[in-house]
Amino acid sequence: MIAITDQHINIPSCIEAAQSDRAGAVDIFIGTVRNHNNSKEVVRLEYETYDAMAVKKMEELANQARERWDIEKIVIVHRKGVLTIGDVAVVIAVSTPHRAASFEACQWLIDTLKEVVPIWKKEIYQNGEEWLEAHA
Amino acid sequence: MTKYKVSLFGITKDIIGSSSTEVELTDQSDVNALVENLKTKFPQLSEIKSLLVAVNSEYADLGLVLSEKDEIALIPPVSGG
């Protein structure tokens, strides 16, 4: 299951989608909205996505992960739109026969997602806003 | 001359003030020509840490020659997760 959604991400359904009878491990990463960044107080986040390319890139990441590790199932779901503190922004779940691969693949997937998938995050503060990573 | 529609996201959308823009270039222009044209029209684009171009949902080299039916988007630094 790979998707961009403007709806609340249901964590149990992500875990369920990752489960497999051949798997001895399911590793899940849940990215949430925190209330501060670089010592600024964050009020909310706005995520913008280039949907078609983002889904294509996430599918490519899943395929690359499958080449590196013995993986049963991969779930990647990313939110878009307005999120408030504590909201779930992204879920990645990976099931594998053995646990080491699930940890490694899950970490690689979130790290690489942040580098290549066309998703943008704007932080809204009490007095202003900023697109993250936009300027040096 | 050929007109290309360019989709805009994140900070590029704020700088240009729209979710897409049109660029008119000579036929057989490449990605670099498109970027330079936009940076001339919108100098603030040069202040962004990096500015990539996606053609048909794939990151494109600067030398890629554009064709009329290509789906083009500006990709400022991504910040998902």
Side-chain angles (χ1 to χ4, degrees), chain A residues 3-5 9 29-34 37-38 42 45-61 76-81 83 88-92 106-124 128-136, chain B residues 4-23 30-32 34-36 38-81:
Chain A
I4 299 283
T5 178
I9 299 177
F29 172 81
I30 303 168
T32 57
V33 179
R34 67 167 174 266
N37 197 25
N38 299 326
V42 175
L45 295 184
E46 292 176 15
Y47 281 96
E48 192 171 292
T49 57
Y50 180 8
D51 286 5
M53 182 174 173
V55 169
K56 180 175 176 235
K57 285 286 147 196
M58 294 193 297
E59 283 169 351
E60 285 175 13
L61 293 187
I76 308 175
V77 184
H78 204 296
R79 271 293 293 275
K80 64 175 177 179
L83 277 73
V88 174
V90 57
V91 169
I92 296 180
C106 194
Q107 171 144 27
W108 181 83
L109 283 165
I110 183 61
D111 288 350
T112 314
L113 177 149
K114 290 172 84 85
E115 287 172 8
V116 305
V117 178
I119 297 173
W120 298 272
K121 175 164 42 191
K122 186 197 264 185
E123 284 183 345
I124 316 295
E129 57 183 44
E130 182 184 351
W131 286 105
L132 292 191
E133 307 296 333
H135 295 105
Chain B
Y4 299 96
K5 181 174 177 246
V6 182
S7 298
L8 305 168
F9 297 96
I11 193 164
T12 64
K13 189 165 99 176
D14 284 2
I15 288 171
I16 294 174
S18 170
S19 61
S20 73
T21 189
E22 277 196 344
V23 178
D30 61 13
V31 167
N32 188 54
L34 179 106
V35 171
E36 291 308 314
L38 284 167
K39 282 183 173 173
T40 303
K41 274 194 277 186
F42 305 98
Q44 281 177 285
L45 291 177
S46 300
E47 295 166 16
I48 302 174
K49 195 158 67 179
S50 75
L51 190 59
L52 300 178
V53 173
V55 176
N56 303 322
S57 291
E58 193 53 63
Y59 290 109
D61 291 333
L62 287 175
L64 179 75
V65 174
L66 296 167
S67 76
E68 204 173 350
K69 287 177 185 164
D70 283 338
E71 188 182 311
I72 304 169
L74 283 190
I75 310 286
V78 300
S79 52

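Keep in mind the model is a prediction, meaning the values are calculated, not measured. Chain letters run A, B, ... following the sequence lines, proteins first and then strands; every chain starts at 1. Atoms considered below: every heavy atom in the structure, side chains included; atoms not considered: hydrogens, waters and symmetry mates.
- Taking CD of A:Glu130 as the start and CD1 of B:Ile11 as the end, the distance is 8.5 Å to the nearest 0.5 Å.
- Residues of residues 72-81 of chain B having a heavy atom under 4.5 Å from any heavy atom of chain A, listed by number: B:Ala73, B:Ile75, B:Pro76, B:Pro77, B:Val78, B:Ser79, B:Gly80, B:Gly81.
- Around atom CD of B:Glu68, no more than 12 heavy atoms belonging to other residues, nucleotides or ligands sit under 6.0 Å away.
- Summarising the geometry of B:Asp14 relative to A:Lys122, their closest heavy-atom pair is OD2-NZ, 3.5 Å, with the distance given to 0.1 Å.
- Residue A:Ile110 touches chain B through its side chain alone, counting heavy-atom pairs closer than 4.5 Å.
- In B:Lys5, the NZ atom is not crowded: 12 or fewer heavy atoms of neighbouring residues, nucleotides or ligands sit closer than 6.0 Å.
- Only the backbone of B:Leu8 comes within less than 4.5 Å of a heavy atom of chain A; no side-chain atom from C-beta onward does.
- Residue A:Lys114 touches chain B through both its backbone and its side chain, counting heavy-atom pairs closer than 4.5 Å.
- In this structure, the separation between CD on A:Glu48 and OG on B:Ser19 is 8.5 Å, given to the nearest 0.5 Å.
- With a 6.0 Å radius and a threshold of 12 heavy atoms from other residues, nucleotides or ligands, A:Glu60 has its CD atom above the threshold.
- A:Lys56 touches chain B through its side chain: at least one heavy atom from C-beta onward sits under 4.5 Å away, while N, CA, C and O do not.
- Atom CH2 in A:Trp131 sits 6.5 Å away from atom NZ in B:Lys13 (nearest 0.5 Å).
- The contact list for residues 55-62 of chain B toward chain A, using heavy atoms and a distance under 4.5 Å, reads B:Asn56, B:Ser57, B:Glu58, B:Tyr59 by residue number.
- Only the side chain of A:Lys57 comes within less than 4.5 Å of a heavy atom of chain B; its backbone N, CA, C and O stay farther away.
- Atom-to-atom distance recorded for B:Thr12:OG1 and A:Trp120:CH2 is 7.5 Å, nearest 0.5 angstrom.
- Atom CZ in B:Phe9 sits 11.5 Å away from atom CD1 in A:Ile119 (nearest 0.5 Å).
- For A:Glu115, the part sitting under 4.5 Å from any heavy atom of chain B is the backbone (N, CA, C, O) and nothing else.
- Looking at A:Tyr47, the atoms closer than 4.5 Å to chain B (heavy atoms on both sides) all sit in the side chain, from C-beta outward.
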